[in-house]
Amino acid sequence: MLKTLVKRSFAKAWHRLEANERVNKGIALIEVEQSTRPEFGDFSSSIALAEARNTTFSAHELATEFANALRTDTTTELYSRVEIAGPGFVNVFLAPSLIHSALRQILEMGNRFGYSTIGQQEPLQVEFVSSNPTGPLTVGHGRQAVLGDVLASLYTNLGYEVSREYYFNDEGHQIDLLAQSLWARYRQEFGDTINIPEQGYQGEYIVDIARQVVKEHGPSFTDFDEQTSHRFKQDAISRISSMIKNDLSLLGVEFDSWFSEQTLHHSGEVTAALKALKAHDGVYELEGAIWLKTEENRGVKDSVLVRSDGRPTYLMVDIAYHINKHRRGFTHVINVQGADHQVEQSSMQAAMRILGYPEDFLDYAVHQFVSIKEHEKTTRMSTRAGKFILLNDLLDELGRNVVRYFMAARKPTSHLEFDMDLARTQSLDNPLYYIQYAHTRIASIFRRIGSPAMSAQVDLSPLEKREELDLIKQLDRFPEMLQQAAFEFSPHLITDYALTLARAFHAYYDSYRVLGNQKRLTTARLALLRGVQIVVHRSLQLLGLSIPEEM
RNA sequence: GCGCCCGUAGCUCAGUGGAUUAGAGCGUCGCACUCCGGAUGCGAAGGUCGGAGGUUCGAAUCCUCUCGGGCGUACCA
């Protein structure tokens with residue numbers, strides 16, 4: 001990577017500068033950044049400005065010294081020019097041959113470009129969606145599904161051994177309510193006036209399920225006894241979870257494992273988890289309940305683990321679940337969750353601390369909510385009231401690619417306003433198609449010439465236009481951007497990057513002709529297009545979007 | 001009250017310490033096709049980066065206060 005090379009050379013030059021007695025030794029942080037304007041070169045450093053105070057030089061004098069140190073480094077031929085500008089910036093202009101070598105590397109790597117081995121195959125789990133099987137997925141879940149799925153791909157790309165998991169709350173109060181709601185709807189089919197419980201589920205889908213039960217079993221369930229309750233529970237769960245799986249699959253999201261909450265209860269892991277917390281002095285009793293000591297973390301008060309009637313809370317079970325994850329050998333766990341789970345996140349982190357797990361074991365990728373804007377009206381989601389826009393409806397109308405793109409293109413910590421009218425009427429002006437079109441145009445030119453294999457040995461020296469060198473520099477940034485997107489839980493960096501790259505490509509392609517009489521030039525430009533194609537391909541792939549050859 | 005997130009162009013959003021032109025898409029207005037796919041390109045108009053202080057050589061970006069919006073603040077899950 002170009003930046004790495006530059007940074008290394010800067011560090012070396014700075015090291016030599018430290019021989020000067022007017023400079024303090026060994027504390028400078030070498031910062032290199034990509035220049036924002038062409039006249040500032042390719043990379044620049046403000047190190048002289050930041051470090052002048054640790055020397056007896058002025059910032060400008062220090063920059064001069066530093067620039068000289070860079071220029072006299074004869075071991076490399078990185079720069080065509082080194083300049084000082086403004087109050088003390090040092091700007092370097094890369095030699096074209098160096099930039100060409102970056103493209104050569106991309107051609108050599110092909111579709112492996114951007115992969116990294118940082119993760120060293122460490123087992124990492126991404127847990128996401130994990131919606132209760134009490135109703136179909138909403139657009140909010142859709143955002144989480146896309147976020148989790150892309151993060152999982154990103155970490156795979158960084159060399160982690162990634163597993164996607166869905167945690168299934170198939171036990172507890174909400175499930176009881178679900179069964180009761182289904183029972184009420186079932187009896188209503190026979191004209192009985194049984195009401196849905198106050199906090200129960202009102203959605204139309206419960207009616208559909210009730211009708212199916214009627215169809216299969218008739219009026220045979222006359223009382224809501226233990227057996228019927230159990231039956232309705234399992235029936236509702238299995239039907240709703242297959243709805244959920246179906247929606248996810250339409251979105252292109254596949255899980256490696258589905259973890260059932262019931263298993264934690266049956267295996268005794270919940271009890272064991274409580275015991276472990278007790279052994280670490282992490283709990284206390286008050287008013288007949290057992291509480292977790294959260295040490296007033298981020299303004300969050302202590303939470304109940306075991307109710308006074310002896311039943312464990314959701315948090316208690318969740319702690320057992322995380323112990324289970326740790327035992328399964330995951331060294332990193334990323335939980336993707338909505339912003340409404342803040343308290344749980346703090347409590348869980350506290351529990352992990354109490355149990356002595358490493359600080360980096362558990363991370364939360366938090367995302368804000370989604371609202372749908374349609375005809376100037378904004379609708380918010382609420383599952384229980386039965387008023388929500390279903391992910392399924394969105395997929396039906398817009399298709400997997402558009403939905404995934406819109407969900408991924410926003411910074412997760414920002415509220416996402418999904419503009420239906422825009423998504424519909426402008427689907428042809430959609431940025432997604434603009435990116436895909438870049439790939440298509442390149443695919444088309446290679447089809448036309450019979451798609452010869454592109455050798456990395458090709459002579460790239462004819463690539464001397466500023467647009468060509470800029471394109472290569474953009475391609476070269478790809479791996480670094482991917483790392484940032486992964487570590488900052490920010491898939492939108494990929495969509496931003498891809499859009500910028502596509503723009504640069506379209507502009508270039510419009511003003512320079514690739515196929516021509518000059519063989520060397522044509523070959524070199526084809527190599528450049530291949531490089532762009534590789535990176536666009538990889539971007540779309542990581543986002544889970546289709547990569548069209550034709551549109 | 002307390003905690004977290006957000007406030008940047010008409011709309012939807014990037015940018016979270018760097019250089020007297022703060023970016024993109026959509027929308028508006030104008031221009032460019034005998035040419036590798038026009039799902040394209042070029043240009044224009046449009047912003048005191050919610051407000052006020054502060055830190056710094058340097059602030060949309062960091063700190064404090066403040067105004068506005070969202071989400072929490074359950075012996076719900």
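Quick note on labels: first sequence line is chain A, next is B, and so on, each numbered from 1.
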Fill in the blank from the handout: Under a 3.5 Å limit on both distances, the Watson-Crick or wobble mate of B:U40 is B:A32
Practice task
Please work out which of the three classes, parallel, tilted or perpendicular, describes the rings of A:Y321 and A:Y167, given edges at 30° and 60°.
Solution key: parallel
Practice task
Using the closest heavy atom to pick a nucleotide of RNA chain B for each, name whichever of A:R311 or A:S35 lands nearer the 5' end.
Solution key: A:S35
Completion exercise
Here the residues of residues 501-519 of chain A within 4.0 Å heavy-atom distance, strictly under, of RNA chain B are A:R503, A:H506, A:A507, A:Y509, A:D510, A:Y512, A:R513, A:V514, A:L515
Handout entry: Test: A:D302 and A:K293 ion pair at under 4.0 Å
Key = no
Practice task
Classify the nucleic acid contact of A:H492 as base, sugar-phosphate or nothing, counting any heavy atom under 4.0 Å across all strands shown.
Solution key: sugar-phosphate
Problem - Under 3.5 Å side-chain donor-acceptor pair for A:Q474 and A:T500 - result: no
Fill in the blank from the handout: Looking only at B:C13, B:A39, B:G72, the nucleotide nearest the A:R410 side chain is B:C13
Handout entry: Touch class at under 4.0 angstrom, heavy-atom based, for A:E39 against every strand present
Key = base
Handout entry: Base paired to B:A22 (Watson-Crick or G-U; both N/O distances under 3.5 angstrom)
Key = none
Handout entry: Assigned partner base of B:G46, Watson-Crick or wobble definition, under 3.5 Å
Key = none
Problem - Whole-Å distance separating the CZ atom of A:R448 from the C1' atom of B:C36 - result: 5 Å
Exercise for the section: Classify the nucleic acid contact of A:E550 as base, sugar-phosphate or nothing, counting any heavy atom under 4.0 Å across all strands shown. Expected result: base
Exercise for the section: Hey, can you tell me if A:Y284 and A:W291 have their rings parallel, tilted or perpendicular (30° and 60° cut-offs)? Expected result: parallel
Handout entry: Pi stacking test for A:F40 and B:A19: under 5.5 Å apart, planes under 30°
Key = yes
Practice task
Answer yes or no: are there more than 12 heavy-atom neighbours, outside A:E39 itself, under 6.0 Å from its atom CD?
Solution key: yes
Practice task
Evaluate whether the aromatic ring of A:Y434 and the six-membered ring of the B:A39 base sit under 5.5 Å apart, centre to centre, with an inclination under 30°.
Solution key: no
Problem - Counterpart base for B:C65, defined by Watson-Crick or G-U wobble contacts under 3.5 Å - result: B:G51
Handout entry: Pairing nucleotide - B:G17, Watson-Crick or G-U, each distance under 3.5 Å
Key = none
Fill in the blank from the handout: Taking a pair to mean Watson-Crick or G-U wobble geometry with both distances below 3.5 Å, B:G58 pairs with none
Exercise for the section: Would you classify A:A85 as touching base, sugar-phosphate or nothing, given that sugar-phosphate means primed atoms plus P, OP1 and OP2, and contacts are heavy atoms under 4.0 Å? Expected result: base
Practice task
For the residue pair A:Y166 and A:W258, categorise the inter-ring angle as parallel (less than 30°), tilted (30 to 60°) or perpendicular (more than 60°).
Solution key: parallel
Problem - Euclidean distance for C1', B:C63 against B:U16 (whole angstrom) - result: 14 Å
Practice task
Pick base, sugar-phosphate or nothing for A:D176, based on heavy-atom distances below 4.0 Å to the nucleic acid.
Solution key: nothing
Problem - Protein-nucleotide distance (A:E344, atom CD; B:U73, atom P), rounded to Å - result: 12 Å
Problem - Check: A:F93 ring centroid to A:Y79 ring centroid under 6.0 Å - result: no
Practice task
Rounded off to whole Å, could you give me the CD1-to-C1' distance for the A:I435 and B:A14 pair?
Solution key: 13 Å
Completion exercise
Here the distance between atom P of B:G3 and atom CD of A:Q345, to the nearest Å, is 17 Å
